[in-house]
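Computed from a prediction, not measured in an experiment: that's the story for all the values here.
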Amino acid sequence: MQTLVSMISKHKILNIFGENVRHYRRKLDISQEELADRANLHRTYIGMIERAEKNITLLNMEKIANALKVKIEDLLKKQQ
C-alpha cells in the first residue's frame, strides 16, 4: 500500500520531468508532435508526460532525452 508521502514524491518527480521536457522542447522551438517523431513515440504520450499524467519507462526517458539533445539527468533536475 502506498503512503501519502510516496504518492506525493512520485507525483513531484513526474511534474519535474514533465516541466523539463516542455522547457527543453520549447527551447528547441519544436511541437509535441515533432518531439514525438524524433523520439519515435506518440504525440499524445508526450502531452501526457508534460502534464505529469503518465509514468515513464527508462527506455522512453532515454528516447526523449536523445530527441531533446540533453542528458537524462537534465530532465530530472528541478529548474532554478
Checklist entry - Does atom NZ of K54 have more than 12 heavy-atom neighbours from other groups under 6.0 Å away? => result no

Tabulate below the donor-acceptor pairs under 3.5 Å that side-chain atoms of residues 44-52 make, not counting sequence neighbours, or state none.
residue	atom	partner	partner atom	Å
T44	OG1	H42	ND1	2.8
Y45	OH	N60	ND2	3.2
E50	OE1	R22	NE	3.4
E50	OE1	R25	NH2	3.0
E50	OE1	Q32	NE2	2.9
E50	OE2	R25	NE	2.6
E50	OE2	R25	NH2	3.4
R51	NE	E53	OE1	3.3
R51	NE	E53	OE2	3.1
R51	NH1	G47	O	3.3
R51	NH2	E53	OE1	3.2

Checklist outcome for this item: Taken to the nearest 0.5 Å, the spacing of E62 CD from T57 OG1 works out to 10.0 Å

Checklist entry - Of all heavy-atom pairs between A65 and K71, which one has the smallest distance, and what is that distance? => result CB-C, 4.2 Å

Checklist outcome for this item: Separation between NZ (K78) and CG (N15), nearest 0.5 Å, reads 8.5 Å

Checklist entry - Per the side chain to side chain contact (heavy atoms under 4.5 Å, CB included) rule, which among L28, I64, L68 passes with R38? => result L28

Item to check | Derivation of the side chain to side chain contact (heavy atoms under 4.5 Å, CB included) call for L76 and N20 | outcome: CA-CA 7 Å; L76 296 170; N20 286 334; 5.9 Å; no

Checklist outcome for this item: Interatomic distance, CD1@I72 vs NZ@K77, rounded to 0.5 Å, equals 12.5 Å

Checklist entry - Is any side-chain heavy atom of L75 less than 4.5 Å from a side-chain heavy atom of I16? => result no

Next on the checklist: Please evaluate residues K69 and Y24 with respect to the criterion side chain to side chain contact (heavy atoms under 4.5 Å, CB included), reporting the C-alpha separation (whole Å), side-chain torsions for both, the decisive distance (0.1 Å), and the verdict.
Outcome noted: CA-CA 9 Å; K69 300 177 180 151; Y24 287 110; over 6 Å; no

Checklist entry - Can you hop from I56 to L58 via hydrophobic side chains spaced under 4.5 Å? => result yes

Next on the checklist: If the threshold is 4.0 Å, N to carboxylate O, is there a salt bridge linking R26 and D29?
Outcome noted: no

Checklist entry - When you look at H23 and Q79, which way does the side chain to side chain contact (heavy atoms under 4.5 Å, CB included) test go after all the steps? => result CA-CA 9 Å; H23 168 78; Q79 297 290 319; 4.2 Å; yes

